[in-house]
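All remarks here apply to the structure that follows.
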Amino acid sequence: MKGNTPKTFAMLMLASAMLVTAGCGNSGTKETSESSGTEPITVTFFGADASPTWNKMQDAVGKKITEQTGVTIEAEYDVNDGGNQKIALMAASGDFPDMIYPKGNLSKLVDAGAMLDLTDLIEEHAPNLKKIYGEQMNRLKYSLEDQAIYTIPTNMGVDNVTFDATGGFEIQQRVLKELGYPEVKTLEDYENVLRAYYEKHPTIDGQPTIPLTLNADDWKIMITVTNPAFQATGAPDDGEYYIDPETYEAKLHYKRPEEREYFRWLNKMYNEGLLDKDAFVQKDDQYKSKIASGRVLGLIDQEWNYQEAENALKSSGKDDATYAHFSVSLNDEIVDHTFQPAGFDGYGIGITTSAKDPVRIIKFMDWLASDEGQVLRNWGIEGEHYNVEDGKRVIPDDVQDRKTNDNSNFSKETGIGMYNVFSARYGDGVKDSTDNYYTTNFPEQIVAGYTAAEKETLKAYGITTWKEFYPAEEDLPVKDWGAAYNMSVPSGTDYEVTFQKTQDIIRKRIPEAVLTTPANFDATYDALLADLDKAGAVEMEKQFTVWVKERVSLWTGKDVK
């Protein structure tokens, strides 16, 4: 998948240090292992995603984790950059934390010789990790060429079954109620709902009503502006690419003719005054502030991206201003592929060469992956956050009420759900040896967690969860390559340079296409496609196709040419 000269050189320079610190299969392992108990230790960590409710392990779950393992995590989380700048600085300086969740920047760290190969550490010290990953271990390998395990996926649970939709095209509950719960399946349907309510209510609480807003601040432009283009046109999420399921050939998804029509629709929304005029200039906090005010009728987003604002609505008694999630397509002939299964795949956490005691850290991760650790992370503390009644874990009504209506404070105080980034876990729908679900995301509990307004909306549409608006996984084929956005690609190469050029073009030209006049839309979109090809997109796509095929070969054993 990548040239190994830079990494090999760096690893040779660090080899002796690694043998001492990692001790993978040598005397260093034995020495470190014997000294690894539950005595207090502080482990430094950097996470490329924001964690606004992180409480420095002073929450209930954090304190229990430290009590059981002796480990205190000294964490730093990125705020809005996805770790890009921070990790680039780390790679250049050689100054790394003990553990790191690099998201899409793993290759920079691998090429800098920063990441330990976890293969032997897992084999020798982590029975729970081995049990969880099982037959999926092959998917943890870095590439066909370099089959080391540098990170273990933690943003996704193993054998996960998705029971609910938390993204898509959103509309406020009160909008739907007032309009008699109309059908919302196409872009035209969605537009009509927002327009109808906006015309009746040009202001809300004395402020101008915003029919639709987007968050184009830095990388989040992908979440609310560009990713919805493939969602609404029947493609699965493979990041910036569309992968042909038959040939595995990759191309930038913007080249699909259907997506031109999606952006033409956004252009129409803008020119008709239905799209927030500040959508492409506002910052992340301004976006959330507008949502929290209750005057934004519609979003095209993922719930994790606006959760803080929605929690504020709940806390202030504006339950009816929260959002329903719809599957919306360009037309009624398109099949939404949002839930097309990718198999087990995901961003992960790794241990760096700076870690003084990798064995202690892998054992800590293994404890978190135990049944005890997983139940603690997902459910909290028995007798405090859940009870066991007739052999079943049950969340008391008062705890559920806080979890639903005061989620930010609840998370900060309890730590429930805050520690999944640190180790492997089973996904939703998997049961433990007591016949209880590992997570609290199963149908009955999901329904219990809905607000009163959500339940009213769902009942009106004759469904029990938002996911019922979408085509089911079993009706869509599993992708052999997983999720292309998780693929590590080499850093410091022509590919990386070209990819960044295409990103700069997309982030410039897409807003231009949306904000121009309808008469100039096609010329602007043509300029986007021409600029991408001039920047070298065709060769870049060919290279990415090679890597996709290599991943398919590594994961499936197919001889893909």
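The model shown is predicted, which means the values in this text are computed figures rather than measured ones. Only heavy atoms go into these numbers, but all of them, side chains included; no hydrogens, no water, no symmetry mates.
The line from CD of Glu170 to OH of Tyr323 is 8.5 Å long, rounded to the nearest 0.5 Å. Of the inter-residue distances, the one linking Thr226 atom OG1 with Leu252 atom CG reads 11.0 Å to the nearest 0.5 angstrom. In this structure, OG1 on Thr465 lies 10.5 Å from NE2 on His325, to the nearest 0.5 angstrom. Rounded to the nearest 0.5 Å, atoms CD1 (Ile100) and CZ (Phe45) are 8.0 Å apart. Here the CD1-CG distance, from Ile446 to Asp164, works out to 5.0 Å after rounding to the nearest 0.5 Å. Taken from CD1 in Ile506 to CD in Gln503, the straight-line distance is 5.0 Å, to the nearest 0.5 Å.
No side-chain heavy atom of Lys185 sits less than 4.5 Å from a side-chain heavy atom of Tyr190. The shortest side-chain heavy-atom distance between Thr162 and Phe339 falls under the 4.5 Å cut-off. You'll find the side chain of Gln172 stays beyond 4.5 Å of the side chain of Asp320, heavy atoms only. When side chains are defined from C-beta on, Asp480 counts as touching Tyr248, because their heavy atoms get closer than 4.5 Å. Contact check for Ile510 versus Tyr254: side-chain heavy atoms found under the 4.5 Å cut-off. The shortest distance between side-chain heavy atoms of Arg195 and Leu274 falls below 4.5 Å. When side chains are defined from C-beta on, Val447 does not count as touching Phe442, because their heavy atoms never get closer than 4.5 Å. Between Pro477 and Gln340 the shortest side-chain heavy-atom distance falls below 4.5 Å.
Looking only at distances, a side-chain donor or acceptor of Arg425 sits under 3.5 Å from a matching main-chain atom of Thr154. At least one donor-acceptor pair closer than 3.5 Å links the side chain of Thr404 to the backbone N or O of Gln400. Within the 3.5 Å criterion, the main-chain N or O of Tyr386 finds no donor-acceptor partner in the side chain of Arg393. In this structure, the side chain of Thr524 does not engage the main chain of Ala513 through any donor-acceptor pair within 3.5 Å. In this structure a side-chain-to-backbone donor-acceptor pair under 3.5 Å is present from Asp59 to Gly62.
Under a 4.0 Å N-O distance rule, the pair Glu496/Lys108 qualifies as a salt bridge. A salt bridge between Asp319 and Lys455 is absent, with no side-chain N of the basic residue lying under 4.0 Å from a carboxylate O of the acidic one. Using a cut-off of 4.0 Å between Lys/Arg side-chain N and Asp/Glu carboxylate O, Asp217 and Lys288 are scored as not salt-bridged. A salt bridge links Asp238 to Lys479: one of the charged nitrogens lies within less than 4.0 Å of a carboxylate oxygen. Salt bridge annotation for Glu249-Lys542: absent, with no cationic side-chain nitrogen under 4.0 angstrom from a carboxylate oxygen. With respect to Asp49 and Lys103, a salt bridge is recorded, a charged nitrogen being found less than 4.0 Å from a carboxylate O. The pair Asp345-Arg551 counts as a salt bridge, with a side-chain nitrogen and a carboxylate oxygen less than 4.0 angstrom apart.
Proximity of the aromatic rings of Phe499 and Phe544 is defined here by a centroid distance below 6.0 angstrom, and this criterion is not met. Residues Phe230 and Tyr242 keep their aromatic ring centres 6.0 Å or farther apart. Taking the six-membered ring for Trp and the full ring otherwise, Trp547 and Tyr495 have centroids separated by under 6.0 Å. A distance below 6.0 Å separates the ring centres of Trp54 and Tyr419. For Phe326 and Phe169, the gap between ring centers reaches or exceeds 6.0 Å. Taking the six-membered ring for Trp and the full ring otherwise, Tyr181 and Tyr461 have centroids separated by under 6.0 Å.
When the salt bridge (Lys or Arg N to Asp or Glu O under 4.0 Å) test is applied to Glu178, the partners found at least two apart in sequence or on another chain are Lys200.
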*Given side-chain hydrogen bond (donor to acceptor under 3.5 Å, both in side chains), test Gln231 with Asn227 step by step and report yes or no.*
CA-CA 7 Å; Gln231 178 192 341; Asn227 285 4; over 6 Å; no
*Show your reasoning for whether side-chain hydrogen bond (donor to acceptor under 3.5 Å, both in side chains) applies to Asn192 and Asp189.*
CA-CA 5 Å; Asn192 288 341; Asp189 295 337; 5.1 Å; no
*Would Asn311 and Asp406 satisfy side-chain hydrogen bond (donor to acceptor under 3.5 Å, both in side chains), going step by step from the backbone distance to the final call?*
CA-CA 6 Å; Asn311 286 342; Asp406 191 21; over 6 Å; no
_Stepwise side-chain hydrogen bond (donor to acceptor under 3.5 Å, both in side chains) test for Glu191 and Trp265_ = CA-CA 9 Å; Glu191 174 187 337; Trp265 173 76; 3.1 Å; yes
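There is no side-chain donor-acceptor pair under 3.5 Å between Lys459 and Thr464. Side chains of Gln374 and Asn378: no donor on one and acceptor on the other come within 3.5 Å. A donor-acceptor contact under 3.5 angstrom links the side chains of Asp336 and Thr338, judged on distance only.
Environment of NZ in Lys86: sparse, with no more than 12 heavy atoms of neighbouring residues, nucleotides or ligands closer than 6.0 Å. Applying the 6.0 Å contact sphere to CD of Glu474 captures more than 12 heavy atoms from other residues, nucleotides or ligands. The 12-atom threshold is exceeded at CG of Asp533, counting heavy atoms of other residues, nucleotides or ligands nearer than 6.0 Å. More than 12 non-hydrogen atoms from other residues, nucleotides or ligands lie less than 6.0 angstrom from CD of Glu468. Within a 6.0 Å radius of NZ in Lys412, no more than 12 heavy atoms belonging to other residues, nucleotides or ligands are found. The environment of CG in Asp397 is sparse: at most 12 heavy-atom neighbours from other residues, nucleotides or ligands sit within 6.0 Å.
Val335 and Pro471 make their closest contact through CG1-CG, 4.1 Å (heavy atoms, listed as atom of the first residue, atom of the second, distance). Across every non-hydrogen atom of Asp284 and Lys220, the tightest pair is OD1-NZ, 3.1 Å. When all heavy atoms of Tyr262 and Ala232 are compared, the pair lying nearest together is CD1-CB, 3.8 Å. Between Glu259 and Thr233 the shortest heavy-atom distance is CG-OG1, 3.7 Å. Nearest heavy-atom pair, Asn160 versus Asp428, reported as atom, atom and distance to 0.1 Å: OD1-N, 2.7 Å. The two atoms that bring Val514 and Leu275 nearest to each other are CG1-CD2, 3.8 Å, heavy atoms only.
Evaluated for a side-chain hydrogen bond (donor to acceptor under 3.5 Å, both in side chains) with Tyr287, the options Asn305, Asp301, Thr224 yield exactly one hit, Asp301. Leu297 pairs with exactly one of Ile210, Ile204, Thr213 by the side-chain contact (heavy atoms from CB on, under 4.5 Å) rule, that one being Ile204. Partner of Asp531 under the salt bridge (charged side-chain N to carboxylate O under 4.0 Å, His left out) criterion, chosen from Lys508, Arg509, Lys501, Arg507: Arg509.
Relative ring orientation between Tyr485 and Tyr347 is described as tilted, the plane-to-plane angle lying within the 30° to 60° band.
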